[in-house]
Amino acid sequence: DSAATEDKRANGGGGEKTKQQHKDNNADFQETMQFLMKVPLLKQLPNDQQPLLAGFCETCYYQKGEVVMAQGEPGDDFFMVKAGQANVLVNGEQIAMLNPGDPIGEQALLSSEPRSATITAESSLTL
C-alpha cells in the first residue's frame, strides 16, 4: 500500500532508528544507570544486574497536583522519584513527602495488596 510506504519513509524507513535516536537512547540509559547506583534501596543489587534493571525503566513525568496513584487501586508497578517531590496521602491526610531516590509503590507490588496511599505531585515530578 503506497500510503504505508510513504509513512515508513516519513518516519525514517519503517522503524529504523537514526544515529541521533541511538545516541539519545544511550544517553537516557546511562543517566538511568547513574541514578540507580545512587538509590540506597538498590545499592545491594549486584553490578551485573543494574543494566538489566535500567533496561526496564521508563521515565514518567507529572505536573504539580497530578495523581500518580490512588489509594485502593491495584498495584502492579514501582517507581523511584528521580526529580521533584511527591505527597503521600492516606485517607486524604498528608503523612509524608517523597524526595529524589525515594521509592513509590513497593508495598502493593510486593504484597499484592491494593495501594495503601495516594501519591500526588507536589511539584513537577520525574519518576
Side-chain angles (χ1 to χ4, degrees):
D1 164 289
S2 63
T5 303
E6 273 185 50
D7 187 48
K8 285 182 182 180
R9 282 190 208 128
N11 290 319
E16 294 175 14
K17 291 187 176 185
T18 66
K19 286 183 182 181
Q20 186 60 47
Q21 288 171 319
H22 283 293
K23 285 181 183 179
D24 291 346
N25 288 345
N26 189 45
D28 290 345
F29 180 81
Q30 292 301 323
E31 182 182 317
T32 298
M33 283 288 298
Q34 290 174 0
F35 172 74
L36 293 176
M37 288 189 274
K38 295 177 187 174
V39 175
L41 179 68
L42 303 174
K43 286 197 185 264
Q44 294 183 14
L45 187 66
N47 289 341
D48 65 336
Q49 298 297 304
Q50 292 173 354
L52 295 173
L53 179 60
F56 285 103
C57 291
E58 292 181 26
T59 302
C60 300
Y61 302 94
Y62 295 88
Q63 296 301 312
K64 181 177 181 167
E66 277 190 273
V67 174
V68 176
M69 60 185 62
Q71 184 175 353
E73 289 180 342
D76 58 359
D77 45 17
F78 167 74
F79 300 94
M80 300 293 295
V81 177
K82 197 169 186 180
Q85 293 184 310
N87 290 311
V88 180
L89 303 131
V90 175
N91 299 323
E93 184 177 329
Q94 183 178 348
I95 62 162
M97 181 74 68
L98 300 174
N99 297 295
D102 287 338
I104 300 176
E106 74 283 3
Q107 291 177 358
L109 185 64
L110 296 172
S111 68
S112 298
E113 297 289 323
R115 300 282 188 201
S116 61
T118 295
I119 310 296
T120 60
E122 171 63 17
S123 62
S124 291
L125 184 64
T126 305
L127 304 177

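Basis for what follows: all heavy atoms, side chains included, without hydrogens, waters or symmetry-related copies.
- Grouping Ile, Leu, Val, Met, Phe, Trp and Tyr residues whose side-chain heavy atoms lie under 4.5 Å apart, directly or via other members, places V81 in a hydrophobic cluster with Y62, V68, M69, F79, V88, V90, I95, L98, I104, I119, L125, L127.
- Nearest heavy-atom pair across G72 and P114 is O-CB, 3.4 Å.
- Scored by the salt bridge (charged side-chain N to carboxylate O under 4.0 Å, His left out) test, E73 finds no partners at all (sequence neighbours excluded).
- For Q30, there are no side chain to side chain donor-acceptor pair (under 3.5 Å) partners two or more places apart in sequence or in a different chain.
- Residues in residues 80-94 take part in these salt bridge (charged side-chain N to carboxylate O under 4.0 Å, His left out) pairs, two or more places apart or across chains: E31-K82.
- Rounded to the nearest 0.5 angstrom, S123 OG and N99 CG are separated by 9.0 Å.
- Counting heavy atoms from C-beta on, the side chains of Q71 and N91 come closer than 4.5 Å.
- Judged as a side chain to side chain donor-acceptor pair (under 3.5 Å), the pairs with a partner in residues 103-117 (not counting sequence neighbours) are, in order, D77-R115, Q107-S116.
- Between P103 and F78 the shortest side-chain heavy-atom distance falls below 4.5 Å.
- Sorted by first and then second residue, the salt bridge (charged side-chain N to carboxylate O under 4.0 Å, His left out) pairs involving residues 58-72 (not counting sequence neighbours) form an empty list.
- In this structure, P100 and G84 approach most closely via the heavy-atom pair CD-O, 3.4 Å.
- Scored by the side chain to side chain contact (heavy atoms under 4.5 Å, CB included) test, Q44 finds no partners at all (sequence neighbours excluded).
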Side-chain atoms of residues 46-55: list all donor-acceptor pairs with protein atoms under 3.5 Å, sequence neighbours left out, distances to 0.1 Å.
none

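- The shortest non-hydrogen separation linking T32 to C57 is CG2-CB, 3.8 Å.
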